[in-house]
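Just below is one structure, and these are the notes that go with it.
In what follows, chains carry the letters A, B, and so on, assigned in the order in which the sequence lines appear, proteins first and then strands, with residues in each chain numbered from 1. In this text, all values refer to a predicted model and were calculated from it rather than measured experimentally.
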2 protein chains.
Amino acid sequence: MNINGVSKQFDLTKDTLRYWERLGLLPEIKRNDSGYREYSERDMNWVFYIKALRNAGMSIEALIEFVKLYREGKQTAGSRKSLLVDQRQDLEDQRKKIEKTIKYLDYKIDHFEDHTLNYEREKLAYDGNIQ
Amino acid sequence: MNINGVSKQFDLTKDTLRYWERLGLLPEIKRNDSGYREYSERDMNWVFYIKALRNAGMSIEALIEFVKLYREGKQTAGSRKSLLVDQRQDLEDQRKKIEKTIKYLDYKIDHFEDHTLNYEREKLAYDGNIQ
DNA sequence: TCTTGCCTTAGAGTTCACACGAAGGTTTAG
DNA sequence: CTAAACCTTCGTGTGAACTCTAAGGCAAGA
């Protein structure tokens, strides 16, 4: 598939696809006789994978490390699997932070009329020790 | 409390505290005779509050709007409350995205040995239609 | 008093993750 | 055949949110 197709399929700009490839976030995409990119099924998989993790807030830097190990081949299977596990943990942490803030917002919405802010009470609310 | 104390208490740089104040994200902090900032209890509350919402991904711009409404007093209560509710919804959406990606990673971890990636199957896994 | 280490401001620099523009080659529709 | 509409690279621009530098005032210990 050409870059335009991939761009549309995944709702990413062509610039972003080229940018990701340049940084090593995608494998080097094969070119046809005119030097145009031709994305293989495998390439598309990478795009899908990277997009999912970028969507979830994973940094480019963390993803570059993963792809680098992947490229180094099979003997890195252990490291790569543990990177997946690490990535999962990162997301889990992020989810907890978000849940905490959601609860804090709920507290602030419920107590919206209480104008006398007290720092200790805010902290308790944030840490889930109020309500 | 002086700026150094607040910086340490909330794990924010002094630059960030001054930056937030300059943008109107914090109230104007009172100064002592030498022109040094002295943070009141109320100021600390704001720092805590802003930090929590920044942590949760709320933009500076949205927070400026919120603080501006707050300063305008009681008649903006409705708008402010709905901003809180909007923000809560954003976080909820973000949480759902993260949960989806966690499930996808679980699938990838479980099927780590399957090297024959297939894009359609990845998509199904991501959307929760496999496993 | 001198030195070290705070604090202040204004303005410039940095980082991240793209987005854009120019210059030029290729493909396709009429 | 030519004009529109693609593609390429290289380099620069953008916006958000800091982060740092310079120049100078204030404070506290030897």
Got a sec, which residues hit ring pair (Phe, Tyr, Trp, His ring centres under 6.0 Å) with B/Tyr19, two or more places apart in sequence or on another chain? none

Whole-Å distance between C/dG5 C1' and B/Ile3 CD1? 15 Å

Rounded to the nearest Å, what distance is computed from the CD atom of residue B/Glu38 to the C1' atom of nucleotide C/dT8? 15 Å

For B/Ser7, give me all partners under side chain to side chain donor-acceptor pair (under 3.5 Å), at least two apart in sequence or on another chain. none

Could you state the atom-to-atom distance from CD1 of A/Ile60 to P of C/dC18 in whole Å? 5 Å

Once ring pair (Phe, Tyr, Trp, His ring centres under 6.0 Å) is applied, do any residues pair with A/Phe66, and if so which ones, sequence neighbours excluded? A/Tyr49

Please list all pairs passing the ring-ring contact (aromatic ring centres under 6.0 Å, His included) test where one or both residues lie in residues 77-104 of chain B, with sequence neighbours left out. A/Phe48-B/Tyr104, B/Tyr104-B/Tyr126

Using side chain to side chain donor-acceptor pair (under 3.5 Å) as the criterion, list what pairs up with B/Lys100, not counting sequence neighbours. B/Asp127

Please check if the number of heavy atoms outside B/Gln75 that lie under 6.0 Å from its CD is greater than 12. yes

Here the salt bridge (charged side-chain N to carboxylate O under 4.0 Å, His left out) pairs for residues 10-20 of chain B, sequence neighbours left out, are B/Asp15-B/Arg18

Taking all non-hydrogen atoms of both residues, which atom of A/Tyr39 and which atom of A/Leu17 are closest, and how far apart? OH-CB, 3.7 Å

Atom CG of A/Leu53 to atom P of C/dA17: distance rounded to whole Å? 13 Å

Within residues 19-35 of chain B, the residues having a heavy atom closer than 4.0 Å to DNA chain C are B/Arg31, B/Gly35

Note: contacts of residues 84-97 of chain B with DNA chain D (heavy atom, under 4.0 Å) are none

Contact class for B/Arg54 vs. all strands (heavy atom < 4.0 Å): base, sugar-phosphate, or nothing? sugar-phosphate

Taking any atom closer than 4.0 angstrom to a non-hydrogen atom of chain B, what span of DNA chain D does the protein reach, first nucleotide to last? D/dA17 to D/dA27

Can you tell me if the side-chain N/O atoms of B/Arg37 get under 4.0 Å from OP1 or OP2 in C/dT8? yes

Under the side chain to side chain contact (heavy atoms under 4.5 Å, CB included) test, residues paired with A/Glu99 that sit two or more places apart: A/Arg95, B/Arg95, B/Glu99

Only pairs under 3.5 Å count here: list side-chain donor-acceptor contacts from residues 20-33 of chain B, not counting sequence neighbours, and write none if there are none.
unit_1, atom_1, unit_2, atom_2, d
B/Glu21, OE1, B/Arg37, NE, 2.7
B/Glu21, OE2, B/Ile29, N, 3.2
B/Arg31, NE, B/Ile29, O, 3.2
B/Arg31, NH1, B/Gly35, O, 3.1
B/Asn32, OD1, B/Ser34, N, 2.9
B/Asn32, OD1, B/Gly35, N, 3.3
B/Asn32, OD1, B/Tyr36, N, 3.0

Roughly, in whole Å, what's the span from CZ in A/Arg18 to P in C/dA19? 12 Å

I'd like to check the side chain to side chain donor-acceptor pair (under 3.5 Å) partners of B/Asp106; sequence neighbours left out, ordered by chain and number. A/Arg88

I want to verify a distance call: between C/dA19, C/dT8, C/dG25, whose nearest atom is closest to the A/Tyr36 side chain? C/dG25

Whichever of B/Gly5 and B/Asp15 has the more 5' nearest nucleotide on DNA chain C, that residue is B/Gly5

